[in-house]
Amino acid sequence: MHSGKLLEASDLTKVFTKGQGFVRSTIEAVSRVSLSLDLAKPEIFTLAGESGSGKSTVAKLILGFEAPTSGKIWYRGRPIANLKGTKEFMKDVQPVFQNPFETFNPLKKVQSYFFETERNFAGSAQGSYPLTEKSLELVGLNFSEIKDKYPSEMSGGQLQRASIARALITNPALLIADEPVSMIDASLRMSVVNLFKTLKEEQRVSIIYITHDLATAYYISDRIAIMLRGQFVEVGSVKKVLDNPLHPYTQLLKSSVPDPDPRSRWEEDIALSDLETREYTRRGCKFAGRCPQVQKICCEGEPDYHAVDDRLVKCHLYS
Ligand SMILES: Nc1ncnc2c1ncn2[C@@H]1O[C@H](COP(=O)(O)OP(=O)(O)OP(=O)(O)O)[C@@H](O)[C@H]1O
Ligand SMILES: [Mg+2]
């Protein structure tokens with residue numbers, strides 16, 4: 001069943017309880033999500049969607065940081081439940097986080113992370129770090145650019161490159177990058193996303209790229225899954241999905257230009273949280289309350305997935 005797959009997730013669901021007392025509600029932050037990545041053909045698979053749609057929760061499930069409420073994940077044909085936390089898995093599947101200034105302790109020299117990782121995983125002798133040099137080279141940095149530096153002495157773009165370089169020391173097959181460029185100056189963003197493309201093409205690394213930014217997603221990904229309130233609502237090749245979105249939610253997402261800077265989304269999120277809970281808990285299609293093409297059936301029953309024009313669309317319009 002799983003032969004030929006690097007990663008396979010089937011019917012993943014994660015239930016969270018939100019709020020307290022009378023306003024407690026349970027939501028499916030991830031709801032029956034399935035995806036798979038081929039072993040033979042590395043690709044960049046994007047998860048896109050508004051804030052609070054469940055993207056990071058999918059990432060945490062794949063990394064083994066959270067356990068699914070139901071559903072299964074296999075990595076190289078083996079259940080993640082058995083693999084998580086093992087040296088082998090941590091070597092092969094590397095996270096890249098949003099804020100490089102949080103990835104690195106401000107009081108520790110950046111190079112010490114490289115040296116530790118290299119010693120732990122490759123057993124390189126103290127004083128000799130060939131993998132550090134090689135991985136820095138892959139991201140376009142020179143060892144002299146990080147030598148003896150503290151995180152505050154590097155730019156956000158440089159530091160994010162360094163965090164990707166550190167992830168590469170162990171020669172991973174899969175990177176899970178959760179909004180890796182949203183905290184980086186717009187002028188440097190392209191250079192980091194280009195790096196992902198090069199890593200896929202030249203190092204054969206598969207990447208799960210999580211973003212609000214459809215422009216970078218369009219530019220680097222092979223496939224995209226549009227997430228809405230825990231569900232994949234449209235999945236297919238990035239060209240098809242973004243050139244000609246079929247789901248009304250994808251159409252909305254494409255026409256609005258979301259602010260990629262999470263710091264400025266914060267206040268809006270508080271106002272949105274009501275809508276968020278309402279949509280998460282509503283019957284039928286989660287988008288029915290906002291959909292310009294809503295029909296009676298959308299408020300009654302959850303739509304199935306329909307195969308239309310080489311993609312899957314979870315919408316009653318296509319039944
Ligand atoms: N540990 C948790 N306990 C309770 N609820 C949670 C927890 N983690 C996430 N959630 C909720 O699950 C939903 C999905 O959250 P998630 O962080 O996965 O979304 P996201 O798409 O990554 O959002 P963003 O774009 O803002 O990063 C949200 O409603 C969030 O509040
Ligand atoms: Mg997130």
Side-chain angles (χ1 to χ4, degrees), residues 9 11-35 45-71 73 84 95-103 160 163 175-184 189 193 207-217 221 224-235 247 249-250 252-254 256-282 286-287 289-290 314:
D11 258 350
L12 276 189
T13 296
K14 179 71 186 178
V15 175
F16 283 127
T17 304
K18 289 178 69 123
Q20 287 180 323
F22 290 120
V23 286
R24 250 162 89 99
S25 54
T26 52
I27 61 158
E28 288 189 357
V30 174
S31 178
R32 307 200 60 186
V33 156
S34 298
L35 70 96
F45 187 100
T46 290
L47 298 182
E50 289 164 307
S51 194
S53 56
K55 305 179 296 295
S56 295
T57 306
V58 172
K60 287 175 194 159
L61 293 170
I62 295 172
L63 285 160
F65 295 170
E66 296 268 9
T69 307
S70 60
I73 315 171
K84 66 178 179 197
V96 175
F97 298 109
Q98 182 171 28
N99 185 351
F101 290 99
E102 278 171 19
T103 307
Q160 191 58 303
S163 84
L175 288 185
I176 303 202
D178 192 349
E179 306 219 36
V181 293
S182 59
M183 306 285 265
I184 296 177
R189 248 173 235 161
V193 295
I207 298 166
I208 293 186
Y209 174 61
I210 296 179
T211 189
H212 281 79
D213 177 28
L214 297 183
T216 55
S221 16
I224 189 167
I226 305 292
M227 281 196 83
L228 167 75
R229 305 305 174 216
Q231 304 175 338
F232 281 6
V233 294
E234 185 163 354
V235 191
H247 198 290
Y249 175 66
T250 317
L252 171 88
L253 212 57
K254 199 186 150 188
S256 56
V257 185
D259 188 340
D261 182 347
R263 287 166 296 196
S264 60
R265 288 204 311 265
W266 203 69
E267 273 181 83
E268 182 197 6
D269 282 353
I270 292 172
L272 261 181
S273 66
D274 259 3
L275 171 73
E276 191 181 307
T277 310
R278 230 182 310 132
E279 289 191 338
Y280 261 117
T281 50
R282 77 177 293 144
K286 306 291 180 207
F287 193 51
R290 284 191 280 163
K314 193 175 169 62

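All ligand and atom numbering here is 1-based and tracks the order in the structure. These figures come from a predicted structure and were not determined experimentally.
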| Quick one: which ligand 1 atoms are inside 4.0 Å of a heavy atom on Glu50? | 21 (O)

| message | Go through it in stages, so that I can follow the logic: the residues are Lys18 and Tyr280, the test is side chain to side chain contact (heavy atoms under 4.5 Å, CB included), and I'd like the CA-CA distance, side-chain angles, deciding distance and then a yes or no. | response | CA-CA 11 Å; Lys18 289 178 69 123; Tyr280 261 117; 5.8 Å; no

| Does the N or O separation between Gly52 and ligand 1 drop below 3.5 Å for any pair? | yes

| message | Pair Phe16, Thr69 - check side chain to side chain contact (heavy atoms under 4.5 Å, CB included), show working. | response | CA-CA 9 Å; Phe16 283 127; Thr69 307; over 6 Å; no

| task | Looking only at distances, please establish whether an N/O atom of ligand 1 is found under 3.5 Å from an N/O atom of Ser51. | result | yes

| N/O/S from Gln98 sitting under 2.8 Å away from the Mg ion (ligand 2) | no

| Numbered atoms and elements of ligand 1 in range of His212, under 4.0 angstrom, heavy atoms | 25 (O)

| note | A student checking ligand 1 against Ser53 at a 4.0 Å heavy-atom cut-off should list atoms 19 (O), 20 (P), 21 (O)

| Any N/O pair Gly54/ligand 1 closer than 3.5 Å | yes

| request: Output the list of atoms in ligand 1 that are nearer than 4.0 Å to some heavy atom of Tyr280, sorted by atom number. | output: 13 (C), 14 (C), 29 (O)

| Does some non-hydrogen atom of Met227 fall short of 4.0 Å from ligand 1? | no

| task | Give the numbers and elements of all ligand 1 atoms closer than 4.0 Å to a heavy atom of Glu276. | result | 28 (C), 29 (O), 31 (O)

| said: Please list, in number order, the atoms of ligand 1 under 4.0 Å from a heavy atom of Ala29. | reply: 12 (O), 13 (C)

| task | Would you mind running through ligand 1 and noting each atom that sits below 4.0 Å from a heavy atom of Thr57? | result | 15 (O), 16 (P), 18 (O)

| query | Taking 4.0 angstrom as the limit, do Glu234 and Lys314 come out as a salt bridge? | reply | no

